[in-house]
Number of protein chains: 2
Amino acid sequence: MTEPLGRRERKKAQTRQALADAALRLFLERGYDQVGVKDVADAADVSVTTLFKHFPSKEALVFDQEDDIEAALVAAVRDRPAGQTILDALRQHVLPAGGRPRDPEMATFVELVENTPALRDYAHRMWMRHEAALARVIAEEIGAPEDDLTCAALARFALEIRNLTRGHPDPRRAGDALFTLLDRGWSALHPNT
Amino acid sequence: MTEPLGRRERKKAQTRQALADAALRLFLERGYDQVGVKDVADAADVSVTTLFKHFPSKEALVFDQEDDIEAALVAAVRDRPAGQTILDALRQHVLPAGGRPRDPEMATFVELVENTPALRDYAHRMWMRHEAALARVIAEEIGAPEDDLTCAALARFALEIRNLTRGHPDPRRAGDALFTLLDRGWSALHPNT
DNA sequence: GTTCAAAAGTTGAGTCATTGCACGTTCTTA
DNA sequence: TAAGAACGTGCAATGACTCAACTTTTGAAC
């Protein structure tokens with residue numbers, strides 16, 4: 001489906017990839033704040049303006065493929081198995097799997113993001129940006145008005161659980177406890193949802 | 001207690017006040033994004049560098065007296081009446097009083113902050129910055145380890161309630177419902193706290 | 001009363017991320 | 001194939017923020 005690309009689009013994707021690769025390499029070598037966008041552009045052999053045509057900001061250089069996350073989140077709630085509550089669906093989708101794969105490349109990437117305030121904040125904002133969509137699908141599922149505040153609160157709290165458990169020795173167990181906390185309050189307001 | 005100020009400190013406070021006044025006036029006149037820090041500095045008859053010696057950022061120009069909020073927050077939990085739960089103490093302290101005083105000057109200020117993304121985000125960050133202190137005092141009060149995750153979560157969720165209810169027609173009632181949600185889950189984990 | 005050195009205020013000249021404007025190249029359409 | 005639209009690219013600018021040096025104020029020693 002993505003095969004028939006013209007030369008132009010192929011070169012565009014190539015340039016984009018070169019920028020992302022150069023950025024990640026330089027950031028890991030020297031640290032995010034010690035690398036300017038000029039350095040990244042030079043390493044990819046393009047001008048700074050071209051860099052910003054491909055990425056909306058310096059932070060976005062390290063978050064390359066952040067596309068279908070919102071759709072997957074909404075689908076996890078809307079298409080949950082029959083009989084499963086909304087909170088259990090969120091619990092399974094938001095919390096990471098128990099044993100970590102320990103991909104070494106991913107590990108250094110996560111370390112870079114965690115140790116760089118600008119990147120940590122950016123990742124947080126990107127993740128919380130899905131709150132509105134999540135709140136909307138929750139309201140639909142329980143038949144509440146679209147702007148129901150408890151749905152917005154549940155969406156925000158559930159998303160924040162991932163941020164809270166990040167860096168914890170056992171994120172799965174910790175997240176479970178927090179989802180249980182939310183579940184007790186939520187099921188009192190909206191039983192069997 | 002703050003009377004014996006030397007000429008120097010008096011002039012410093014005077015410059016600071018002139019900057020804050022000029023900034024608020026210009027922001028309300030032309031809009032936050034249409035005013036540069038240069039304009040504010042010129043209006044107060046100082047250089048841009050001097051402006052940044054008094055305020056750490058452009059956003060900070062409008063949040064002049066944000067000092068003892070964290071202390072009051074911690075005190076509200078630690079010095080709550082005997083027999084009152086932590087969540088009830090937070091509910092009373094975080095939620096605004098029912099009838100609004102309708103101070104016209106404050107109203108235009110709130111409107112400016114709400115309608116300016118940069119200021120809205122800054123106010124949010126400033127408010128959430130108290131999460132760590134709040135989490136610490138909650139952990140102390142229930143005798144949990146200082147880095148207990150459920151305490152951090154309760155602190156974050158309680159603070160977020162204020163952000164969620166902002167702009168709602170009846171913040172008091174809406175906030176009450178959300179605190180009740182948290183209360184059910186929390187009292188199951190830590191009864192009578 | 002004068003001097004002097006540390007502390008604090010002030011400044012102009014910079015740095016860095018980000019964005020209009022203009023030019024050349026590539027793709028489309030007739 | 002040639003005009004015209006759309007796109008990639010670079011130069012130069014803008015706006016927030018910082019740095020090294022200069023000036024003023026303060027407090028005490030002489």
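These figures come from a predicted structure and were not determined experimentally. So you know, we letter chains A, B, ... as the sequences are listed, proteins then strands, and number each from 1.
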Of the residues in [range], which ones touch DNA chain D at a heavy-atom distance under 4.0 Å?
range	result
residues 47-63 of chain B	B/Thr49, B/Phe52, B/Ser57, B/Lys58
residues 32-43 of chain B	B/Val35, B/Gly36, B/Val37
residues 116-129 of chain B	none

Quiz item: Any side-chain donor paired with an acceptor under 3.5 Å for B/Thr85 and B/Asp88?
Solution: yes
Distance check needed: [N] [atom2] versus [X] [atom1], whole Å only.
X	N	atom1	atom2	value
A/Leu26	C/dA17	CG	P	12 Å
A/Lys11	D/dG8	NZ	C1'	10 Å
A/Asp45	D/dG10	CG	C1'	13 Å
A/Leu19	D/dG8	CG	P	13 Å
A/Arg30	C/dC16	CZ	P	11 Å

Exercise. From the options B/Arg125, B/Arg156, B/Arg136, select the one residue that forms a salt bridge (Lys or Arg N to Asp or Glu O under 4.0 Å) with B/Glu131.
Key: B/Arg156
Quiz item: Of the non-hydrogen atoms in A/Pro171 and A/Leu95, which two are nearest, and what is the gap between them?
Solution: O-CD2, 4.5 Å
Quiz item: How about B/Glu146: does its CD atom have over 12 heavy atoms from other parts shown lying under 6.0 Å from it?
Solution: no
Practice problem: Could you tell me whether a side-chain N or O of A/Lys12 sits under 3.5 Å from a main-chain N or O of A/His54, the two making a donor and an acceptor? | Solution: no
Practice problem: Look at the aromatic rings of A/Trp127 and A/His130 and report parallel, tilted or perpendicular, splitting at 30° and 60°. | Solution: perpendicular
